Amino acid sequence: RQEVVLVGRSNVGKSTLMRELTGHSKFTTGKKPGVTRKPNHFDWAPESFMFTDLPGFGFMSGVEEDRREQIMTDIVRYIEANADDILAGVLVVDGKSVVDIIDRHSGPDEIPHDVEMFHFLRELEIPVVVAVNKMDKVDDEDERLDELCDRLGLMPPWKQWQDTIAPITAKRGNIEPLLSALQNHFHEQKRDDL
Ligand code: GDP
C-alpha cells in the first residue's frame with residue numbers, strides 16, 4: 001500500500017489542498033473542467049507514499065452528463081484496480097455546500113456522488129478521511145459537521161469521528177486536522193501489519 005488518493009467534486013479545492021500537501025507550487029489549478037487526466041502522483045516526504053489526484057466529478061458547466069458519468073466510472077475503476085496499493089482515500093468536500101448538495105441529490109433511486117464514494121471506499125476497506133474544506137466560509141461549524149456525519153451514516157457528534165471528519169481551510173494552509181487523521185490511519189495500519 002503506497003498511495004493516498006484524493007477524490008472530490010470539481011471546485012471543492014482539491015488542487016489547492018494538493019498544493020498544500022505536496023508543496024508543489026507548479027501544480028496548476030483552474031484546469032479545464034471535465035478533462036480526464038491521468039492521475040497525478042506526488043511524493044510526500046515524511047512518509048513513503050504518493051498522493052494521487054483523481055479528476056473532479058459531479059457538475060461542471062459545459063460538460064455533458066455522459067462525460068460526467070464516464071469520469072465517475074474512471075475514478076471507480078482506478079480505485080478498484082489499485083485498491084491493494086491505496087493506503088487511504090481523502091474525500092474532499094466543500095463544507096459550505098456539501099450538505100445541501102447531498103440533500104438535493106438524495107432520492108429513491110439516487111445516491112449523491114459524495115455519499116457513494118464514501119461507502120465505496122469503505123467497502124474496499126480503504127480508510128477514508130473526509131476533508132471538509134472551505135471551513136472559513138462556514139459559520140456554525142459543529143452543526144454543519146454533525147449534519148454531514150448524519151448524511152454519511154456516522155452517528156453525530158462529529159467530534160467522535162476525528163479520524164474520519166477533518167475540517168480544513170486549504171486556502172489558508174490550515175490542514176492540520178487532515179494530516180493528523182491520516183497519520184492515525186497510518187499508525188493503525190503499521191500496528192495491524194505487526
Ligand atoms: P478543484 O476544482 O477541486 O481542484 O478546486 P480548486 O483548488 O481549483 O479551488 C476551487 C476554488 O475554491 C478556488 O477559487 C479556490 O481559491 C477556492 N478554495 C480552495 N480552498 C478554499 C478554502 O479553504 N476556502 C475558500 N474560501 N476557498 C477555497
Side-chain angles (χ1 to χ4, degrees), residues 3-44 50-65 67-76 78-79 86 88-102 104-105 112-118 120-121 128-145 147-148 151-152 158 162 164-182:
E3 64 180 297
V4 172
V5 296
L6 269 79
V7 293
R9 301 177 66 86
S10 82
N11 212 41
V12 294
K14 219 152 51 68
S15 320
T16 306
L17 173 59
M18 192 74 172
R19 252 199 328 262
E20 280 301 321
L21 288 168
T22 61
H24 270 246
S25 53
K26 63 177 157 59
F27 191 72
T28 51
T29 55
K31 70 236 167 201
K32 268 193 205 158
V35 176
T36 310
R37 302 158 305 161
K38 290 224 171 71
N40 278 301
H41 295 283
F42 293 95
D43 293 317
W44 202 39
M50 302 172 297
F51 281 107
T52 305
D53 182 25
L54 293 170
F57 53 77
F59 178 79
M60 284 161 274
S61 68
V63 179
E64 309 258 326
E65 171 73 24
R67 186 86 200 86
R68 300 199 305 249
E69 285 308 314
Q70 186 59 47
I71 291 169
M72 194 67 179
T73 306
D74 289 347
I75 294 169
V76 164
Y78 180 88
I79 294 172
I86 299 176
V90 177
L91 172 62
V92 188
V93 300
D94 178 338
K96 180 86 182 167
S97 60
V98 62
V99 173
D100 287 343
I101 291 175
I102 288 175
R104 208 183 310 145
H105 291 279
H113 286 327
D114 288 317
V115 176
E116 184 183 356
M117 196 54 78
F118 181 75
F120 169 69
L121 289 164
V128 195
V129 180
V130 183
V132 191
N133 192 30
K134 308 196 187 183
M135 288 306 287
D136 58 312
K137 295 206 287 185
V138 176
D139 293 329
D140 204 335
E141 284 203 20
D142 289 334
E143 192 181 324
R144 185 62 55 86
L145 295 169
E147 284 173 347
L148 178 59
R151 303 310 189 270
L152 295 174
W158 78 272
Q162 293 193 50
T164 305
I165 302 289
I168 62 169
T169 299
K171 200 165 88 172
R172 294 186 190 156
N174 184 355
I175 60 167
E176 191 49 48
L178 172 61
L179 298 179
S180 55
L182 285 173

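Everything quoted here is computed from the prediction, not taken from an experiment. Each ligand, and each atom within it, is numbered from 1 in the order the structure gives.
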Ligand-residue contact atoms, ligand 1 with Lys137, heavy atoms, under 4.0 Å: 26 (N)
Distance filter under 4.0 Å to Lys14 heavy atoms, resulting ligand 1 atoms: 1 (P), 3 (O), 4 (O), 5 (O), 7 (O)
Shortest heavy-atom approach to atom 19 (C) of ligand 1 - which of Thr16, Thr169, Asn11: Thr16
Heteroatom proximity flag, Ser10 to ligand 1, N/O under 3.5 Å: no
Residue part near ligand 1, for Asn133, under 4.0 Å between non-hydrogen atoms: side chain
Side chain to side chain donor-acceptor pair (under 3.5 Å) against Glu65, all qualifying residues, sequence neighbours excluded: Arg68
Proximity of Asp136 to ligand 1 by residue part, where a heavy atom lies under 4.0 Å: side chain
Ile168-ligand 1 polar pair, N/O distance under 3.5 Å: no
Main-chain N/O of Asn133 paired with Lys171 side-chain donor or acceptor, under 3.5 Å: no
Backbone of Asp136 reached by a side-chain donor or acceptor of Thr169 within 3.5 Å: yes
Within-4.5 Å side-chain heavy-atom neighbours: His105 and His113: no
Phe59 side chain reached by Arg9 side chain, heavy atoms, under 4.5 Å: yes
Separation between CG of Leu178 and CD of Gln162, rounded to the nearest 0.5 Å: 13.0 Å
Backbone or side-chain N or O of Lys134 under 3.5 Å from ligand 1 N or O: yes
Which atom pairs, donor and acceptor, lie under 3.5 Å between side-chain atoms of residues 91-101 and protein residues at least two apart or in another chain?
| residue | atom | partner | partner atom | Å |
| --- | --- | --- | --- | --- |
| Asp94 | OD1 | Lys96 | N | 2.9 |
| Lys96 | NZ | Lys137 | O | 3.3 |

Shortest reach to atom 4 (O) of ligand 1 by a heavy atom, considering only Ala131, Gly173, Ser15: Ser15
Within-cut-off N or O pair, Arg172 and ligand 1, under 3.5 Å: no
Close approach of Ala170 to ligand 1, heavy atoms, under 4.0 angstrom: yes
Within-4.5 Å side-chain heavy-atom neighbours: Phe51 and Leu6: yes
